[in-house]
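In what follows, a structure is listed as structure tokens, so that the remarks can point back to it.
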4 protein chains.
Amino acid sequence: MAEPRSPQTSRRSERSRRAILDAALELVAETGSGKLTIEAIAARAGVGKQTIYRWWPSKAAVLFDSFLALSEDAGGIALPDTGDLEADLKQVMRAKVDELNDPRYDLPSRALAAESQNDPVLAAELTAKVLEPQLAAYEERLRSARRAGDIAEGTDLRVALELLVGPLHHRWMLRTRPLTHAFADAVVEMVLRSLAPPAR
Amino acid sequence: MAEPRSPQTSRRSERSRRAILDAALELVAETGSGKLTIEAIAARAGVGKQTIYRWWPSKAAVLFDSFLALSEDAGGIALPDTGDLEADLKQVMRAKVDELNDPRYDLPSRALAAESQNDPVLAAELTAKVLEPQLAAYEERLRSARRAGDIAEGTDLRVALELLVGPLHHRWMLRTRPLTHAFADAVVEMVLRSLAPPAR
Amino acid sequence: MAEPRSPQTSRRSERSRRAILDAALELVAETGSGKLTIEAIAARAGVGKQTIYRWWPSKAAVLFDSFLALSEDAGGIALPDTGDLEADLKQVMRAKVDELNDPRYDLPSRALAAESQNDPVLAAELTAKVLEPQLAAYEERLRSARRAGDIAEGTDLRVALELLVGPLHHRWMLRTRPLTHAFADAVVEMVLRSLAPPAR
Amino acid sequence: MAEPRSPQTSRRSERSRRAILDAALELVAETGSGKLTIEAIAARAGVGKQTIYRWWPSKAAVLFDSFLALSEDAGGIALPDTGDLEADLKQVMRAKVDELNDPRYDLPSRALAAESQNDPVLAAELTAKVLEPQLAAYEERLRSARRAGDIAEGTDLRVALELLVGPLHHRWMLRTRPLTHAFADAVVEMVLRSLAPPAR
DNA sequence: CGTTAATCGAGACGGTACGTCGCGTCTTCCC
DNA sequence: GGGAAGACGCGACGTACCGTCTCGATTAACG
């Protein structure tokens, strides 16, 4: 998707590329992903439809690259390691909450989530390029905590990870309850309690 | 949706209703939700398009009712209370895992999840009619456990609930890892560890 | 073309049919056949493109039916038989000249002529439905004249026919010289001279 | 068209020029003029599109030059003057019939005829460069015949000309009947009968 | 128990968007 | 500077579905 198909990349118009990605984000923010059309993107970007079809295989792929560009603009997630695991996790989980509540990210994310259900390739790409790098950063922090003795030795870090992230994702997707810092804190506390090494 | 709208329900053709719901499920299973069209449903069901539009406001509503019918056929999830909280939770979580892995449920569920992102009304309906009743059953079991002293007094049951359910949902939606009984068990064990009342 | 293909003719919207034929004629008169597009016809007629494609196989077919409707509105060509062959022929040939010079007929005719070169089916249809009936009327008049002794017995009427009509068509198509009544008269006179029965 | 436009003709690649004209003829023979595209010509000729646009103003102009090249290869039609007018005319008319029946000329001719209807400039060019020279040759032969007393004094040679040529053109364009030597002969005979000087 | 009005299958209709083709212009790199 | 290559903005193509709207032909409730 980032490097989709074949034509000569050297001749590609960077101007058009940016205009398309920007237009896609704007439109998804304005109208919701359901009403997003290739024609609207092309019109907004001042670009021929063919220029989109030349470089991206589907609307979802455009959206994906738009989202990647957005994430890059914002820089990666900083995962601090101050030694205080609970504080570190709460900080990053709160930041995640803020991001999920930010319409700038929320709407494209929902659009991509919707498209992913019908497009396994997109889903795999999303997981590989966006989700897993983040999870890997989390896991690294947990591993460091395990080395430091803050977490029981035998802990399956991958499960612990999903215990942290799953509930946030669940609330965001299903909108069952408001997604707040308090909730993030509560999740972190509960999970850490279950990870605590046996009292000596 | 479940209670659609206006015309004289008495005159409604039950034959057509079933044919439409069945056709929708078949088509979603065959082609994926993205390619599901009203026209295809009507053709497959041997029904005029107007008969669909008369009784349902949208494609998503048809899918929703199809899904409800499917769930009813299978009966609700029984939440046992044997007194052994861990065993009870593992049983029901494993059952959930099996359901999520069953293509019969998997594809329509994904279709509904996708539609929900663009249709807040559907999302609310789904939550209210399908998700929350299940969660309520879980919560009731946890409450009973708290009364029995298996869970610490101050526990926020809602958060505990989402700690259980969130990770499963996360794996299902994002397909990061296979969704297995072992994972369900691990989640239950971890969560219960964090809920345990302080040792006396 | 007049009866092109399949859908249920009973349900056909006469209103749309007329609007399409009228729009086609208007547009061909305004912009010339080269710039005539199905989209423009549909827009002008206030009609969906599919309604055109449902009933006609091609742009040329629409134009053909438009032209037929135009001809019907104007009524058939009256071929008088006053007994004076030269007068009768001059009258009808002058009328033909006027028609070829009338932009109302000229532009659609040229458009059809152009399309016919690439569409043998259209060409055959044009010949069979429009041209041959006219030629048959001419031929009948010549036959009557032959019976009356105004034309030599052995004359090949078909060749005579094309000797009359061919030069007019040639000037019209190739625009080599202005197409006037005088030219029509001259053609008639020359041809009749060649058809005259041997002097006794 | 024959003298296209501006750039430095000295630098022009003769190789490309021939390839383009040949490709145009081949394609028009294969696919019919309706499907002839500049891109196809460029691809077939192994030439950049710009090279075509640099030297010709339109697809029709390319076709026109292709046709001219074809005619030059074959050499002009010789109009004999043996003293026997009827024999001379029959010879040349039969040759014309053969040419019109030769697919090598037929298809490009039809293509040009079609284009001419929408492109008055092309039409004028065709008439001036191709048609009128031929007609002038015919007319010259008729004039010679009039001098020789084979044709009545007052005859309008131009009309006589079109009486000869019009019927052939009519049959070719409209395909009403097969275009044969017999038809050519019949036309010549009829026309000459009408041109005959008054019996003395 | 026949009348009658609503629902039904069918599908034509005015539209919107699709993904493709070709246009004529432009830009890049090569000879 | 001409030429091969081909990306670009654009406009039209012919198709797929949308949601609305007629059409008879059932069909179920009411008179």
Side-chain angles (χ1 to χ4, degrees), chain A residues 7-13 15-17 19 35-43 45-55 57-59, chain B residues 6-13 15-17 19 35-43 45-55 57-59, chain C residues 6-13 15-17 19 35-43 45-55 57-59, chain D residues 7-13 15-17 19-20 35-43 45-59:
Chain A
Q8 290 184 221
T9 317
S10 56
R11 297 247 182 285
R12 182 167 189 179
S13 160
R15 213 179 151 290
S16 297
R17 204 188 124 265
K35 312 182 75 175
L36 182 65
T37 67
I38 296 271
E39 300 212 326
I41 296 173
V47 139
K49 280 198 286 179
Q50 201 58 49
T51 301
I52 300 182
Y53 286 111
R54 181 149 39 229
W55 301 107
S58 70
K59 181 165 53 190
Chain B
S6 36
Q8 293 181 220
T9 318
S10 56
R11 284 205 184 257
R12 181 169 191 181
S13 160
R15 207 175 154 291
S16 298
R17 201 186 72 88
K35 312 184 71 176
L36 181 65
T37 68
I38 293 274
E39 301 212 327
I41 297 174
V47 138
K49 283 198 287 178
Q50 194 64 262
T51 302
I52 299 181
Y53 284 111
R54 183 149 37 227
W55 301 106
S58 71
K59 179 166 56 188
Chain C
S6 35
Q8 291 185 220
T9 317
S10 57
R11 297 244 183 284
R12 181 166 188 179
S13 160
R15 211 179 153 289
S16 297
R17 205 188 123 269
K35 314 183 72 173
L36 181 66
T37 67
I38 295 271
E39 298 212 327
I41 297 174
V47 139
K49 280 197 286 179
Q50 200 59 51
T51 301
I52 300 182
Y53 286 111
R54 180 148 41 227
W55 301 107
S58 71
K59 182 165 53 189
Chain D
Q8 292 182 222
T9 317
S10 55
R11 287 215 184 241
R12 183 169 189 178
S13 157
R15 209 176 155 290
S16 298
R17 202 187 72 86
I20 289 165
K35 311 184 71 177
L36 181 66
T37 68
I38 294 272
E39 302 213 327
I41 296 174
V47 137
K49 283 198 287 177
Q50 198 57 44
T51 302
I52 299 182
Y53 285 110
R54 185 154 29 232
W55 300 107
W56 288 275
S58 70
K59 179 166 54 189

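Note that these values count all heavy atoms, side chains included, but never hydrogens, waters or copies made by symmetry. Below, chain A is the first sequence line, B the second, and so on; all start at residue 1.
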- [ ] Measure the spacing between OG1 of C/Thr9 and CZ of C/Arg17 and express it to the nearest 0.5 Å.
- [x] 11.0 Å
Task: Considering all heavy atoms, the nearest B/Val47-B/Ile52 contact - done: CG1-CG1, 4.2 Å
With the criterion being N/O to N/O and under 3.5 Å, what pairs connect the protein with nucleotides 27-31 of chain F, and how long is each?
from	atom 1	to	atom 2	distance (Å)
F/dA28	N3	B/Arg11	NH1	3.3

Open item on the list: Rounded at 0.5 Å granularity, tell me how far OG1 in D/Thr51 sits from CD1 in D/Ile20.
Closed with: 6.0 Å
TODO: Compare side-chain N and O positions of A/Thr51 against OP1 and OP2 of F/dA7 and report whether any pair is under 4.0 Å apart.
DONE: no
Open item on the list: Determine whether a donor-acceptor pair (N or O, by modelled atom type, separation under 3.5 Å) exists between the side chain of C/Lys59 and the backbone of C/Leu36.
Closed with: yes
TODO: Rounded to the nearest angstrom, tell me the gap between atom CZ in A/Arg15 and atom C1' in E/dT27.
DONE: 14 Å
Task: Minimal non-hydrogen separation, A/Ala42 against A/Gly48, with atom names - done: CB-C, 4.2 Å
Open item on the list: From CZ of D/Arg54 over to P of F/dA4, roughly how many Å is that when rounded to an integer?
Closed with: 9 Å
Open item on the list: I need the CD1-C1' distance between C/Ile41 and E/dG14, as an integer number of Å.
Closed with: 16 Å
Polar atom pairs (N or O), protein with nucleotides 18-20 of chain F, under 3.5 Å:
from	atom 1	to	atom 2	distance (Å)
F/dC18	OP1	B/Ile38	N	3.0
F/dC18	OP2	B/Ile38	N	3.1
F/dC18	OP2	B/Glu39	N	3.1
F/dG19	OP2	B/Tyr53	OH	2.8
F/dG19	N7	B/Lys49	NZ	3.3
F/dG19	O6	B/Lys49	NZ	2.6

- [ ] Mark yes or no: A/Arg12 above the aromatic ring of A/Trp55, with NZ or CZ under 6.0 Å from the six-membered ring centre and no more than 45 degrees from the axis.
- [x] yes
Open item on the list: Measure CZ/C/Arg17 against C1'/E/dC13 and give the value in whole Å, please.
Closed with: 16 Å
Task: Rounded distance in Å - CZ (C/Arg12) to C1' (E/dA10) - done: 18 Å
Open item on the list: Strictly below 4.0 Å: does B/Trp55 bring a side-chain N or O up to OP1 or OP2 of E/dA6?
Closed with: no
TODO: Please determine if a side-chain N or O atom of D/Trp56 lies less than 4.0 Å away from the OP1 or OP2 oxygen of E/dG24.
DONE: no
Open item on the list: Output the rounded distance in Å from NZ (C/Lys35) to P (F/dA12).
Closed with: 9 Å
